[in-house]
Amino acid sequence: MSEFLINPDFPYCKGCGHHQVARNTVRALEMLDRRPLDVVLLTDIGCHGIVGRNFATHTVHGLHGRSVALGGGIAMALPRDKDVVVFIGDGGATIGLQHLLEAARLNVNVTVVIHNNMLYGMTGGQPSGLTPHGFRTVIAREGSPYPHHDICQLVHKAGAPYARRVLGLGDFSDVLAEALAVEGFALVEVLELCTSHALKMNPDLRLRQLAEEVGYEPGIWRGEERAPFRLRDEQPRASLVAPEQVRETNVRFGSALEGRFSLVLGGSAGEGAQRAAELLVEAAMASGLHATKKGSYPVTVGVGFSTAEVILSREPILYHGIAEPDAVVITSDDGLAHNRERIAAMTAGRVWIDESLQPPETKAEVWFRDFRGRAGPRNAAIYSLLTLVGETEMIGSEALIEVIRESSIAQYVPDRLLDGVKAT
Ligand SMILES: Cc1ncc(C[n+]2csc(CCOP(=O)(O)OP(=O)(O)O)c2C)c(N)n1
Ligand code: SF4
């Protein structure tokens, strides 16, 4: 298997043109002798977008039509020797058309690969701005009454140094490699068919013939070569994080953790779940571990659930998603409601849950604890993590206690909670 993949089975229907794009992208990256972690692959919403999980590169899944803007932002700050590749459908490309035109106009260093199957694949075959005149879809059964945008010409006119349209058949990796090698904005529009929806409505369709009939001629549009747009050309840096945001961690504790431990903490907004998870991460780093933390909560920040996902690991963490957690800690009914399905799906591991709550059926071990009664709502989250650390010993309790004492929440956490936890 290619070093660019963690899974060679692409998630598409049989015969879908997206297979060829993914395969040829891998070939092109190999041809250019790139390393997986020098590549950031952005995917947009749509069938093509599920492929992110197959790639061993950095991957980011964007909102529909917005992945060019996201990728552009990343590319503006990255060193020149990194590649930002944006996979997008014809739906996303025309929903976010302005992002494409601006990225071309500014000459942002991204390679955009449009999977132009001439319709919205994932939602059942609706037309996009690239659906050609006469092409039948579920919405226009007699055929689309409108002409399609010529996306290559649009970005060319907007200033793109490179735009190319190819038929997505066979090996077109040399085209993708040529686009990747462009310093600045490059776009490859790959013409394909959606075997599930396009053929149902247009049974006699042949890609090559269709492309000729509707004016989708393969071609290349070269523009003026210009310096790519960069945020800080004078100070290229390897990290997206500003140096002043980086803090040194003084490793002053030990840890018995071997491998990796993933944790989900579910609580209520305003009860400090995110802050508690951050303090656990700080304590783990002070114990010599790698750690990541993600938060999720409703846009109405002050009400509802607040869930944090934490990974602690002896080895660097290259992927911060959690398929099945080793532990789930629940301190409130909001936290339980948000994580109920996740708990029910657990096949192993352990759930620590406030004794006032009733968890769903699960194969995980369930331990009831009096988080809210002992610590009150404000401290239930931090107390639950003190309990977890005391009972698992993945890091020493003294590490978490010290980090809490040094933090801004120290004044709210009574000593009896800190002293009541077993120090290891
Ligand atoms: C802002 C927004 N609008 C609508 C949707 C619903 N939606 C999900 S996939 C999709 C169609 C995607 O089509 P395309 O971009 O062509 O990609 P494909 O599925 O063909 O790969 C739509 C409309 C969404 N997820 N987000
Ligand atoms: S629905 Fe269409 S675009 Fe989506 S995977 Fe299947 S063939 Fe491909």
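Numbering of ligands and ligand atoms starts at 1, following listing order.
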_Please give me the protein atoms (N, O or S only) lying under 2.8 Å from atom 8 (Fe) of ligand 2, ordered by chain and number._
Cys16 SG

*Would you say Ile220 and Tyr162 make side-chain contact, with heavy atoms under 4.5 Å?*
yes

*Taking only heavy atoms of Asn117 into account, list the atoms of ligand 1 that are under 4.0 Å away from them.*
20 (O)

*For the residue pair Arg136 and Met201, what are the closest heavy atoms and their distance?*
NE-O, 3.1 Å

_ring pair (Phe, Tyr, Trp, His ring centres under 6.0 Å) against Tyr12, all qualifying residues, sequence neighbours excluded_ = His18, His19

*Say whether Tyr120, considering both its backbone and side-chain N or O atoms, lies within less than 3.5 Å of an N or O atom on ligand 1.*
no

*asked:* Could you identify the single nearest non-hydrogen protein atom to atom 14 (P) of ligand 1 and state the distance to 0.1 Å?
replied: Gly91 N, 3.7 Å

For residues 363-370, please give each side-chain donor-acceptor pair under 3.5 Å, one per line with the distance, not counting sequence neighbours.
residue	atom	partner	partner atom	Å
Glu365	OE1	Trp367	NE1	2.8
Arg369	NE	Glu391	OE1	3.4
Arg369	NE	Glu391	OE2	3.0
Arg369	NH2	Glu391	OE1	3.2
Arg369	NH2	Glu391	OE2	3.4
Asp370	OD1	Gly373	N	3.0

*Compute the minimum heavy-atom distance from Gln126 to ligand 1 and say whether it is under 4.0 Å.*
no

_Quick check: do Ile95 and Asp44 have side-chain heavy atoms less than 4.5 Å from each other?_
no

*Give the contacting part of His64 toward ligand 1: side chain, backbone, both or neither, where contact means a heavy-atom distance below 4.0 Å.*
side chain

*With sequence neighbours excluded, tell me which residues meet salt bridge (charged side-chain N to carboxylate O under 4.0 Å, His left out) with Asp83.*
Arg34

*Indicate yes or no: does an N/O atom of Gly46 lie under 3.5 Å from an N/O atom of ligand 1?*
no

_Test of proximity, His18 against ligand 1: N or O pairs below 3.5 Å_ = yes

